[in-house]
Amino acid sequence: MISRSFRRFWADTSAAVAFETVLLLPLLIWAFVGSFVFFDAFRTYNTSVKATYSVADLISRQRSMIYSDDIEGYANILTHIIRDTPPVRMRVTQIGMVNGNYQVDWSHGVNGAARLFTTTLPQVEEHLPLMGNGERVVLVETTVAYDPPFDLGLTNIDFQNFTLVRPRYAGQVPFDDEEDAPSS
């Protein structure tokens with residue numbers, strides 16, 4: 001008797017739409033919001049990579065002296081390009097090859113990014129290219145904090161970008177660590 005009732009219940013295709021909606025609507029909303037969060041995270045990461053490449057390219061084309069204000073301005077541009085994020089941490093470092101060893105020529109960090117020194121160079125050395133004596137590269141590192149708008153299992157993430165470029169028009173990018181560029 002119970003098995004017959006169960007078979008009848010299982011075979012019954014009539015249902016109340018309201019009951020099905022109550023069961024499925026939360027899943028549909030979760031899927032929609034989840035796809036929004038993951039797409040937003042991908043957009044932020046993708047934009048941060050492209051913006052970092054753009055800033056690295058701008059710095060590599062410098063012929064005249066750049067100052068710490070310039071690098072801080074580039075960080076502000078990055079923050080503006082990557083919408084809805086806290087200020088971007090950025091470190092710009094010029095690294096040269098001297099007698100077969102990597103050496104930091106200059107480094108400047110913005111928004112809490114620590115400067116890089118020759119003694120701390122081993123933390124990034126594995127990413128550096130093979131270079132001949134006297135060659136230089138400019139390393140642009142950015143860290144973009146991403147805070148998802150909804151809590152769906154994706155936690156706060158720091159997107160870290162690491163971009164190397166060679167100076168384009170000169171052997172090096174000249175840098176002066178003065179607080180302000182001289183007035184022209």
Side-chain angles (χ1 to χ4, degrees), residues 1-61 70-93 95 102 107-117 119-130 137-166:
M1 178 136 147
I2 292 178
S3 64
R4 193 176 333 146
S5 298
F6 182 72
R7 272 189 251 134
R8 217 178 9 200
F9 173 76
W10 192 258
D12 187 10
T13 58
S14 65
V17 174
F19 182 69
E20 291 175 354
T21 303
V22 167
L23 289 177
L24 291 179
L25 191 61
L27 286 173
L28 290 174
I29 291 172
W30 182 85
F32 177 73
V33 172
S35 63
F36 169 76
V37 168
F38 284 103
F39 176 78
D40 188 52
F42 178 75
R43 179 201 56 83
T44 301
Y45 171 73
N46 195 25
T47 305
S48 73
V49 169
K50 291 176 182 180
T52 302
Y53 277 118
S54 298
V55 167
D57 187 54
L58 281 170
I59 293 172
S60 75
R61 294 172 187 269
D70 298 327
I71 294 175
E72 290 167 13
Y74 292 141
N76 290 337
I77 290 171
L78 275 170
T79 300
H80 182 71
I81 291 172
I82 307 164
R83 302 181 307 262
D84 303 327
T85 61
V88 174
R89 288 191 318 258
M90 182 171 79
R91 175 170 64 190
V92 179
T93 307
I95 301 167
Y102 295 110
S107 183
H108 185 72
V110 177
N111 295 328
R115 292 176 47 200
L116 190 65
F117 298 97
T119 56
T120 57
L121 199 55
Q123 64 185 340
V124 297
E125 200 168 298
E126 67 188 31
H127 300 292
L128 299 177
L130 295 175
V137 292
V138 176
L139 167 64
V140 178
E141 298 169 275
T142 59
T143 303
V144 178
Y146 178 73
D147 182 21
F150 301 103
D151 184 15
L152 294 174
L154 189 63
T155 61
N156 293 352
I157 303 171
D158 284 341
F159 296 124
Q160 297 182 345
N161 301 303
F162 189 94
T163 303
L164 284 163
V165 292
R166 294 188 190 278

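Note: hydrogens, waters and symmetry copies are ignored here, and every other heavy atom, side chains too, is used. Keep in mind that this is a model prediction, so the values were computed, not measured. Starting from 1, each residue takes its place in the sequence as its number.
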Could you tell me whether the side chain of His127 reaches within less than 4.5 Å of the side chain of Leu139, counting heavy atoms only? no
What's the spacing between Asn161 CG and Ile82 CD1 if we round to 0.5 Å? 7.5 Å
For Pro86 and Ala145, the nearest pair of non-hydrogen atoms, with its separation, is CD-O, 3.7 Å
Nearest heavy-atom approach of Ser48 to Phe159 is OG-CB, 4.3 Å
Can you confirm whether Asp40 sits close enough to Tyr146 that some side-chain heavy atom of one is under 4.5 Å from a side-chain heavy atom of the other? yes
For Val88, is there any backbone N or O sitting under 3.5 Å from a side-chain donor or acceptor partner on Thr79? yes
Please check if the side chain of Thr120 supplies one atom and the backbone of Leu116 the other of a donor-acceptor pair under 3.5 Å. no
Does the side chain of Val138 reach to within under 4.5 Å of the side chain of Val92, using non-hydrogen atoms? yes
Taking the side chain from Arg115 and the backbone from Ser107, do they hold a donor-acceptor pair closer than 3.5 Å? yes
Roughly how far, to the nearest 0.5 Å, is the CD1 atom of Ile71 from the CD1 atom of Ile59? 5.5 Å
Reported CD1-to-CG distance for the pair Ile95 and Leu121, which is rounded to 0.5 angstrom: 5.0 Å
Would you say Met90 and Val140 make side-chain contact, with heavy atoms under 4.5 Å? yes
Point-to-point distance, once rounded to the nearest 0.5 Å, from CG of Asp158 to CG of Asp147: 10.5 Å
Between Arg91 (side chain only) and Ala114 (backbone N and O only), is there a donor and an acceptor less than 3.5 Å apart? yes
Shortest non-hydrogen pair, Asn111 vs Arg89, comes out as O-CG, 2.9 Å
With rounding to the nearest 0.5 Å, note down the distance linking OG in Ser54 to CD1 in Ile81. 6.0 Å
Testing the basics here: between Arg166 and Leu130, what is the closest heavy-atom pair and its distance to 0.1 Å? NH2-O, 4.0 Å
When rounded to the nearest 0.5 Å, the distance separating OG1 of Thr47 from CZ of Phe42 is 9.0 Å
Exceeds 12 heavy-atom contacts within 6.0 angstrom, atom OH of Tyr45: no
Less than 4.5 Å apart, any side-chain heavy atom of Thr52 and any of Phe162? no
